[in-house]
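Working notes, structure below.
Chain letters run A, B, ... following the sequence lines, proteins first and then strands; every chain starts at 1. Keep in mind that what you see is a predicted model, and the values were worked out from it rather than measured.
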Amino acid sequence: MNYWLMKSEPETFSIDDLEACPKKTTHWDGVRNYQARNFMRDGMRRGDLAFFYHSNCEPPGIAGVVKIVKTGYPDHTAFDVHDQHYDPQSDPAKPRWYMVDVQFQRKLKRPISLEELRKYSNGALEGLALLQRGNRLSITAVSATHWKFILALE
DNA sequence: GCCAACGTTGGC
DNA sequence: GCCAACGTTGGC
């Protein structure tokens with residue numbers, strides 16, 4: 001079992017939006033970064049858990065927990081000319097971009113803000129990818145130790 | 001294969 | 001809205 005952190009701008013798609021989805025499940029489309037793709041295509045396993053992180057909002061931070069319920073498969077939005085995430089260089093015969101399905105598990109009892117997480121950047125959360133300088137990666141790995149520590153902050 | 005220009009992310 | 005960080009693109 002692995003742990004992850006997945007960012008989303010709540011104005012675009014929030015944890016409440018996910019909870020409102022049929023079966024509280026959706027596909028995590030639109031990722032157009034190779035490192036993040038590789039995590040979804042090669043790293044994520046069914047049953048893995050991920051923090052749902054709200055980015056580009058006030059305050060940014062971890063809002064809840066989701067579960068990976070379907071492993072990596074081609075991101076069809078890359079094939080759709082009318083989609084915002086269309087990529088002519090991805091074609092169904094050789095897809096460039098992948099996505100997974102995630103299911104809502106729960107919201108945290110209280111959101112854990114980035115500011116709060118940073119307090120531990122030189123301590124218990126040292127090495128957490130989210131806190132690495134200038135990390136804009138939308139999907140990152142979380143160690144089991146860091147996962148437990150963050151949940152204990154609730 | 002280098003690297004300048006460009007586009008995007010995301011905290012502030 | 002600004003802008004630093006940094007991934008990607010494309011000319012050479």
Side-chain angles (χ1 to χ4, degrees), chain A residues 2-21 26-44 48-68 71-102 104-143 146-147 149-154:
Chain A
N2 292 307
Y3 299 100
W4 309 93
L5 181 143
M6 303 171 83
K7 295 180 184 173
S8 181
E9 301 192 9
E11 285 216 2
T12 307
F13 190 79
S14 72
I15 186 126
D16 292 324
D17 294 329
L18 177 61
E19 190 175 12
C21 284
T26 194
H27 45 262
W28 202 262
D29 63 22
V31 171
R32 298 293 179 265
N33 170 282
Y34 291 105
Q35 249 186 295
R37 177 205 66 183
N38 293 346
F39 281 141
M40 290 199 291
R41 191 188 59 184
D42 311 326
M44 289 182 170
D48 283 358
L49 297 174
F51 287 128
F52 193 114
Y53 179 91
H54 281 169
S55 68
N56 209 2
C57 61
E58 189 50 49
I62 295 169
V65 176
V66 302
K67 185 195 276 186
I68 311 305
T71 53
Y73 62 107
D75 181 343
H76 57 75
T77 66
F79 311 141
D80 179 358
V81 187
H82 302 294
D83 194 280
Q84 189 188 346
H85 299 291
Y86 174 63
D87 180 358
Q89 300 193 76
S90 185
D91 78 90
K94 204 175 176 228
R96 173 180 290 201
W97 303 115
Y98 283 73
M99 58 192 181
V100 297
D101 284 357
V102 301
F104 175 90
Q105 296 299 109
R106 67 184 183 88
K107 288 206 251 184
L108 297 192
K109 294 173 198 133
R110 64 181 185 91
I112 310 288
S113 70
L114 178 63
E115 184 185 23
E116 181 170 356
L117 293 170
R118 274 199 206 289
K119 290 180 190 165
Y120 306 98
S121 59
N122 293 315
L125 294 181
E126 188 161 24
L128 181 67
L130 175 74
L131 301 178
Q132 310 276 321
R133 207 167 87 97
N135 195 335
R136 303 173 305 154
L137 200 55
S138 66
I139 298 178
T140 50
V142 177
S143 73
H146 288 161
W147 178 270
F149 179 83
I150 292 167
L151 285 182
L153 293 173
E154 260 189 290

Would you please name every residue forming a side chain to side chain contact (heavy atoms under 4.5 Å, CB included) with [X], sequence neighbours left out?
| X | answer |
| --- | --- |
| Gln35(A) | Asn33(A), Leu137(A) |
| Ser143(A) | Thr145(A), His146(A) |
| Asp101(A) | Thr25(A), His27(A), Val69(A), Lys70(A), Tyr73(A) |
| Pro95(A) | Pro74(A), Phe79(A), Ser90(A), Tyr98(A) |

Q: Would you please name every residue forming a salt bridge (Lys or Arg N to Asp or Glu O under 4.0 Å) with Glu9(A), sequence neighbours left out?
A: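 If we apply the salt bridge (Lys or Arg N to Asp or Glu O under 4.0 Å) test to Glu9(A), skipping adjacent residues, there are no hits.
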Q | Pairwise salt bridge (charged side-chain N to carboxylate O under 4.0 Å, His left out) hits with a residue in residues 72-91 of chain A, at least two apart | A |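 Checked against salt bridge (charged side-chain N to carboxylate O under 4.0 Å, His left out) - neighbours excluded - the pairs reaching residues 72-91 of chain A are Arg32(A)-Asp75(A), Asp87(A)-Arg96(A).
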Q: Give me the first and last nucleotide of DNA chain C, going 5' to 3', that has any atom under 4.0 Å from a heavy atom of chain A.
A: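 Listing 5' to 3', DNA chain C meets chain A from dA5(C) to dT8(C).
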Q: Output the residues of residues 89-102 of chain A in contact with DNA chain B, where contact means a heavy atom of the residue under 4.0 Å from an atom of the strand; sort by number or write none.
A: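 DNA chain B contact set from residues 89-102 of chain A: none.
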(Q) Under a 4.0 Å threshold between the charged nitrogen and the carboxylate oxygen, would Glu19(A) count as salt-bridged to Arg106(A)? (A)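 The answer is no: the pair does not qualify as a salt bridge.
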Q: Specify the residue among Asn135(A) and Asn56(A) whose closest nucleotide of DNA chain C lies further upstream toward the 5′ end.
A: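 Of the two residues, Asn56(A) wins.
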(Q) Once side-chain hydrogen bond (donor to acceptor under 3.5 Å, both in side chains) is applied, do any residues pair with Lys119(A), and if so which ones, sequence neighbours excluded? (A)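 Partners of Lys119(A) under the side-chain hydrogen bond (donor to acceptor under 3.5 Å, both in side chains) test: none.
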